[in-house]
Amino acid sequence: MSRIGVFICHCGTNISATVDVEKVGEAAAKLPNVVHVEINKYMCSDPSQDLVREVIKEHKLDRIVMGTCSPRMHELTWRKLLATTDVNPYMLEVANLREQCSWVHKDRQVATAKAIDLIKMAVAKVDKLSPLKTTQIPVTKRALVIGGGIAGMQVALDIADAGFPVTIVEKKSSLGGNMVMLDKTFPTLDCSACICTPKMSEVGNHPNITVKTLAEVEAMSGYVGNFEVTIREKAKYIDYNLCTGCGACETKCPSKVPNEFDQGMSERTSIYKLFAQAVPAKPVIDPVHCRKLTEGKCGVCAKICPTGAIRYDDEDRVTTETYGAVIFATGYELIDWKKIYGEYGGGAYPDVITGLQFERLVNASGPTEGHILRPSDGKEPKSVVIVKCVGSRDPHKGVSYCSRACCMYGAKHAHQYLDKVPDGNCYVFYMDVRTPGKNYDEFYRNAVHDGANYLRGRVSKIYEENGKLICLGEDTLSSRPVRVDADMVVLETAMVPSTGADEVAAMFGVGRDKDNWLVEAHAKLRPVETNTAGVYLAGVCQGPKDIPDTVCQAGAAAAKVIGLLNKPSLESNPQISRVNESLCQGDGACVNICPYGAISLVTKHFRENSQHVDRTVAQINPGLCQGCGACTVTCRSGAMDLLGYTNESIMREVDALCQW
């Protein structure tokens, strides 16, 4: 006969304000096999945990029910506690008396009755649980970072400095991401390149870091501690072992195309470095525009290369390696405003530019060497309109969320314009001004002090008239229409997830929210982890952030990875699915539904009715299974069961609710 202990928490007043915990305790004491009930104000506190240990020992308990807050928050706390006692950590059931009861009811009588029912169900279930044991999983002491922006570089450096090998996979031809395109960073206005390029150099020269550019993750298998990842490096058509990065080939290439690094406001050759300080500091050939590769003509770069490094027959390189942990640092892109904001000209007016294009104009290494000039005629604009929230907080055309950095981004652009064009006029159209960071509000107020005219309201239309960009809007503070005749318009566009990041995330079983940002395991308690063990998030791949928050999260993700890689082995999760092979029909429905790729079909030899037969049955990979239970509800024959949440124990909960 089992000996069950029930522990009920006040949770301060989170539970007890709505639930009569004393009455719940009295009801629990009358349930079958419950030998002790304990009520405490803060059950998760250290003194209360000591009390639980004493009660377990005194009453010889072998099963525990915790009537507390969400198991998502504290189930691991209780398991760790039970690991220090004679009770198996998985002989535990948590009745959620806070989120599922007290927080959703105002009527004390109703909440108390529901709390009693939840305890009844938990007691019935725990009575049918069986002890579970973990197994040890080896750990490969190597990490993979997907993305080479500021987040990816920071997390790679932190892990590499701890002594572990790191591979960075970057889809562009250089490290740096979006940050390296910026001119200055708020609120200190220090040079972005002065921060980013030394870090790029440090990453490129670090003995523990391997950088793979023009690369992407093609396939993945395995599980925490042992991810088998296939990486494709696209052909660069340059032998990097011979290339010295002298740049002679770039000066002679006759083919010119728009320069993506300068946001299309300058041109580059078909053999190029992404920018002067690129890492690796060696060029690549653009196969789409190279005349030698597309037409079989030209070949000037091969003739002029002093080391013979040009390889027109170069091919993609595909490698498969094992990694103990994976970090997503896939960053962001800017929303394509031209497709959704026809009222702003839809790209028809060259002097309506994005904030990132403005960054290149004001940057000393940009197409105008830091002079703010209109793309249409190269003249200095004497009036500039900055429009914030273009695509952000606009569920009808763009995205519903706030892009967080745009308010400060716009204030920085206003300051930079007024600094370089002292006699100019700057107007900022805004919905709200949000400046939550350290010294951020002071920075915004300085922009206003410098002369930026803030107008609360959206711009409804932009059109060209007599060489001016006419911006029509409304000042919602005065309820008056506004017209500004501008020489240039800067649109602060919304951040959106990087193209292709969702496909790579799906390979690793990482969830995405409604806007396609990658989802963390718990917003408060596990903000850099995902629901796939061993996979972590860093930076804007999780949602819009500024640079300080991005770097901070990168450091947090690195700390988690270092902690994982420092372990000699990992404990597996014993609450996984199991297959009753006698019932399994091998139809593969469970294989298709499993989000972690943990189930496969195998052919096994069975003896049935005195005959030997071969049948196809499902097989679980215990390292990959995360215990989500999707297969158990999909299986038509009922052959799948989830340890810790068996069909029998769940039915006991239902019976308890209906009968007692």
Visitor: Assess, by modelled atom type and distance only, whether the side chains of Gln154 and Lys199 contain a donor and an acceptor separated by less than 3.5 Å.
Guide: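 Gln154 vs Lys199: donor-acceptor pair found between side chains.
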Visitor: Can you pull the ring pair (Phe, Tyr, Trp, His ring centres under 6.0 Å) pairs that have at least one residue in residues 514-552, sequence neighbours excluded?
Guide: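 Ring pair (Phe, Tyr, Trp, His ring centres under 6.0 Å) check on residues 514-552 returns Tyr401-Trp517.
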Visitor: Under 3.5 Å, sequence neighbours excluded: what are the donor-acceptor pairs made by side chains of residues 460-474?
Guide:
residue : atom : partner : partner atom : Å
Ser460  : OG   : Leu472  : O            : 3.1
Glu465  : OE2  : Arg483  : NH2          : 3.3
Lys468  : NZ   : Asp487  : OD1          : 2.7

Visitor: Determine whether the aromatic ring centres of residues Phe227 and Tyr323 are separated by less than 6.0 angstrom.
Guide: no
Visitor: For Glu99, which residues count as a side chain to side chain donor-acceptor pair (under 3.5 Å) partner, sequence neighbours excluded?
Guide: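 Partners of Glu99 by the side chain to side chain donor-acceptor pair (under 3.5 Å) criterion come out as none, since no residue qualifies.
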Visitor: Restricting to salt bridge (charged side-chain N to carboxylate O under 4.0 Å, His left out), what partner residues turn up for Lys171, sequence neighbours left out?
Guide: Glu333
Visitor: Under 4.5 Å between any side-chain heavy atoms of Arg98 and Asn96, yes or no?
Guide: yes
Visitor: Anything under 3.5 Å between a donor and an acceptor, one on a side chain of residues 421-430, the other on a protein residue two or more places apart or in another chain? List them.
Guide:
residue : atom : partner : partner atom : Å
Asp423  : OD1  : Lys382  : NZ           : 3.4
Asp423  : OD2  : Lys382  : NZ           : 3.2

Visitor: Do Leu361 and Ile353 have side chains that approach each other closer than 4.5 Å (heavy atoms only, starting at C-beta)?
Guide: yes
Visitor: Could you list the residues that satisfy side chain to side chain contact (heavy atoms under 4.5 Å, CB included) with Gln626, not counting sequence neighbours?
Guide: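 Here the qualifying residues are Ala533, Tyr596.
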Visitor: Check salt bridge (charged side-chain N to carboxylate O under 4.0 Å, His left out) between Asp351 and all other residues, then give those that pass, not counting sequence neighbours.
Guide: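 Scan of Asp351 (salt bridge (charged side-chain N to carboxylate O under 4.0 Å, His left out), adjacent residues dropped) gives Arg374.
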Visitor: Before accepting this row, confirm whether a basic side-chain N of the pair Glu216/Arg232 lies closer than 4.0 Å to the acidic partner's carboxylate O.
Guide: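 Between Arg232 and Glu216 there is no salt bridge, as every charged N stays at least 4.0 Å from the carboxylate O atoms.
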Visitor: Compute the centroid of each ring, for Phe186 and then for Tyr409, and state whether the two points are separated by less than 6.0 Å.
Guide: no
Visitor: Just jot down the side chain to side chain contact (heavy atoms under 4.5 Å, CB included) partners of Ala156, sequence neighbours excluded, or say none.
Guide: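 Ala156 satisfies side chain to side chain contact (heavy atoms under 4.5 Å, CB included) with Val145, Val166, Ile168, Ile209 once adjacent residues are dropped.
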Visitor: Could you walk me through whether Tyr349 and Tyr344 pass ring pair (Phe, Tyr, Trp, His ring centres under 6.0 Å), step by step?
Guide: CA-CA 9 Å; Tyr349 310 132; Tyr344 292 173; over 10 Å; no
Visitor: Not counting sequence neighbours, which residues clear side chain to side chain donor-acceptor pair (under 3.5 Å) with Ser45? List them please.
Guide: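 With sequence neighbours excluded, Ser45 shows a side chain to side chain donor-acceptor pair (under 3.5 Å) to Ser48, given in chain and number order.
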Visitor: Report the residues that fulfil side chain to side chain contact (heavy atoms under 4.5 Å, CB included) with Asp441, sequence neighbours left out, ordered by chain and then residue number.
Guide: Thr435, Tyr444, Arg445
Visitor: For Ile195, what residues pass the side chain to side chain contact (heavy atoms under 4.5 Å, CB included) criterion, not counting sequence neighbours?
Guide: Met179, Thr185, Asp190
Visitor: Closer than 4.0 angstrom, basic N to acidic O: yes or no for Arg404 and Asp549?
Guide: yes
Visitor: Output all residues satisfying side chain to side chain donor-acceptor pair (under 3.5 Å) with Arg72, sequence neighbours left out; order by chain, then residue number.
Guide: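 Checked Arg72 against side chain to side chain donor-acceptor pair (under 3.5 Å); zero matches.
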